[in-house]
Amino acid sequence: MVTVVGVRFKNAGKVYYFDPGEYSVSQGENVVVETARGMEFGTVTADPKEVDESEIISPLKKIVRIANEQDVRQHEVNTKKKERAMSLCQEKIEKRGLEMKLIDVEYTFDNSKIIFYFTADGRVDFRELVKDLAAVFKMRIELRQIGVRDEAKMMGGIGICGKSLCCATWLADFEPVSIKMAKLQGLSLNPTKISGICGRLMCCLKYENSTYVELRKGMPDVGERIKTPDGIAVVTESNILENKIKARVVLEEKDGDKPEKLSPDLSIYSKKDIHRIEKGRKNKDKEEKDLFEDMDAETLNEMKELLKD
């Protein structure tokens with residue numbers, strides 16, 4: 001086991017582990033640490049704790065120092081300089097006629113580098129832009145293209161639930177979200193209903209998915225034939241949360257041109273009272289279909305484009 005302390009560099013950003021070393025730090029304290037980008041100013045997210053060595057990336061770097069007043073002032077100065085950097089960069093982008101949208105600017109704590117975050121529909125040749133910016137700021141320049149989900153995380157906003165975006169307030173990492181999750185929860189598959197302001201599937205579809213997956217086990221699909229205490233029946237509705245099935249009992253089986261006859265009234269059964277009937281190839285077809293449902297919307301669109309070619 002290794003003693004570590006979690007440090008975050010942005011609001012709702014990813015938490016990184018560091019060795020507290022000789023320092024006794026607690027949640028909420030500001031610290032200065034060394035990262036791959038150089039010296040960084042961060043905030044301790046929790047008191048020191050012990051974790052398994054498999055959870056850390058070696059070598060584990062130590063906290064350089066607990067932030068003093070000068071460090072805090074330096075961090076505030078860097079934050080205030082962002083507005084001017086944004087304005088100057090936007091001016092250079094327009095002058096070069098580049099099709100890119102500037103999202104955010106970040107100075108490293110030691111002012112050794114400045115990072116510009118942007119979005120674009122495709123690849124952008126920004127080599128001349130880097131030269132222009134280097135001539136103005138006299139430091140290392142990095143332009144980093146990000147996706148629409150990262151844009152929403154940086155910009156923030158209000159979701160359709162009326163609350164601030166999860167990604168901008170507390171969600172540290174993006175997790176894969178698929179269309180199948182929305183279908184399993186009985187939600188409308190209308191993209192405007194299940195997409196966030198970033199245009200991707202809402203992150204909150206993931207929150208209760210594991211519960212739905214567990215409750216879904218053993219539940220039949222609509223249209224599936226099941227064995228019930230009243231005989232063979234055809235499922236008309238499957239309520240996952242209540243583990244109840246509505247079905248119509250088969251009164252007469254299909255015989256030649258004579259259609260199948262179902263009971264006019266619906267019967268309600270619990271999951272423990274019914275038995276599913278194997279559907280052979282139909283089940284296999286559904287499994288193959290589910291491979292596509294497991295994909296997120298972006299990957300699915302890419303697959304469709306590939307199939308066109």
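Only heavy atoms go into these numbers, but all of them, side chains included; no hydrogens, no water, no symmetry mates. FYI, the numbering just counts along the sequence from 1. Quick caveat, the model's predicted, so the values are computed rather than measured.
Side-chain N or O atoms of Thr119 include none that pairs as donor or acceptor with a backbone N or O of Ile146 at under 3.5 Å. In this structure, Lys92 contributes its side chain and Ser87 its backbone to no donor-acceptor pair below 3.5 Å.
A 6.0 Å sphere centred on CZ of Arg65 holds more than 12 heavy atoms belonging to other residues, nucleotides or ligands. Taking a 6.0 Å sphere around NZ of Lys271, one finds it holds more than 12 heavy atoms contributed by other residues, nucleotides or ligands. Applying the 6.0 Å contact sphere to NZ of Lys113 captures more than 12 heavy atoms from other residues, nucleotides or ligands. Under a cut-off of 6.0 angstrom, the local environment of CG in Asp121 is sparse, with at most 12 non-hydrogen atoms contributed by other residues, nucleotides or ligands. Under a cut-off of 6.0 angstrom, the local environment of NZ in Lys14 is sparse, with at most 12 non-hydrogen atoms contributed by other residues, nucleotides or ligands. Shown here is Glu99, whose CD atom has no more than 12 heavy atoms of other residues, nucleotides or ligands within 6.0 Å.
The pair Arg144-Glu142 counts as a salt bridge, with a side-chain nitrogen and a carboxylate oxygen less than 4.0 angstrom apart. A salt bridge links Lys131 to Glu128: one of the charged nitrogens lies within less than 4.0 Å of a carboxylate oxygen. A salt bridge does not link Lys261 with Glu253: every distance from a Lys NZ or Arg NE/NH1/NH2 to an Asp or Glu carboxylate oxygen is 4.0 Å or more. Between Arg248 and Asp265, none of the side-chain N atoms (NZ, or NE/NH1/NH2) sits under 4.0 Å from a carboxylate O, so this pair counts as no salt bridge. The existence of a salt bridge linking Lys95 and Asp132 is excluded, since no basic side-chain nitrogen approaches an acidic carboxylate oxygen closer than 4.0 Å. A salt bridge links Arg37 to Glu106: one of the charged nitrogens lies within less than 4.0 Å of a carboxylate oxygen. Between Glu151 and Lys101 there is a salt bridge, since a side-chain N of the basic residue sits under 4.0 Å from a carboxylate O of the acidic one.
Rounding to the nearest 0.5 Å gives a distance of 12.0 Å between SG of Cys167 and CG of Asp173. With rounding to the nearest 0.5 angstrom, the CD1 atom of Ile103 is 10.5 Å from the CD atom of Gln145. Once rounded to the nearest 0.5 Å, the distance linking NZ of Lys206 with SG of Cys166 reads 14.5 Å. With rounding to the nearest 0.5 angstrom, the OH atom of Tyr17 is 8.0 Å from the OG1 atom of Thr45. Considering NZ of Lys227 and CD1 of Ile232, their distance stands at 6.0 Å, rounded to 0.5 Å. One finds the NZ atom of Lys254 at 8.5 Å from the CD atom of Glu260 (value rounded to the nearest 0.5 Å).
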**Prompt:** Between Lys258 and Glu252, does a salt bridge (charged side-chain N to carboxylate O under 4.0 Å, His left out) hold up when you go through it step by step?
**Reply:** CA-CA 9 Å; Lys258 188 177 180 181; Glu252 294 182 15; 3.1 Å; yes
**Request:** List the steps, then state whether side-chain hydrogen bond (donor to acceptor under 3.5 Å, both in side chains) holds for Asp110 with Ser112.
**Result:** CA-CA 5 Å; Asp110 56 6; Ser112 62; 2.8 Å; yes
**Pair Asn111-Asn78, side-chain hydrogen bond (donor to acceptor under 3.5 Å, both in side chains): steps then yes or no** = CA-CA 8 Å; Asn111 278 276; Asn78 290 346; 3.1 Å; yes
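Summarising the geometry of Leu189 relative to Ala182, their closest heavy-atom pair is CD2-CB, 4.1 Å, with the distance given to 0.1 Å.
Ring centroid separation for the pair Phe126 and Phe118 comes in under the 6.0 Å cut-off.
Put simply, the side chain of Val4 does not reach to within 4.5 Å of the side chain of Phe18, judged on heavy atoms.
Using cut-offs of 30° and 60° for the angle between ring planes, the Tyr16 and Phe9 rings count as tilted.
With sequence neighbours excluded, the residues that form a salt bridge (Lys or Arg N to Asp or Glu O under 4.0 Å) with Glu214 are Lys217.
Trp170 belongs to a hydrophobic cluster with Leu171, Tyr207, counting contacts under 4.5 Å between side-chain heavy atoms of Ile, Leu, Val, Met, Phe, Trp and Tyr, direct or through other members.
Tyr107 carries Lys81 over the face of its six-membered ring, with the cationic atom under 6.0 Å from the centre and within 45° of the normal.
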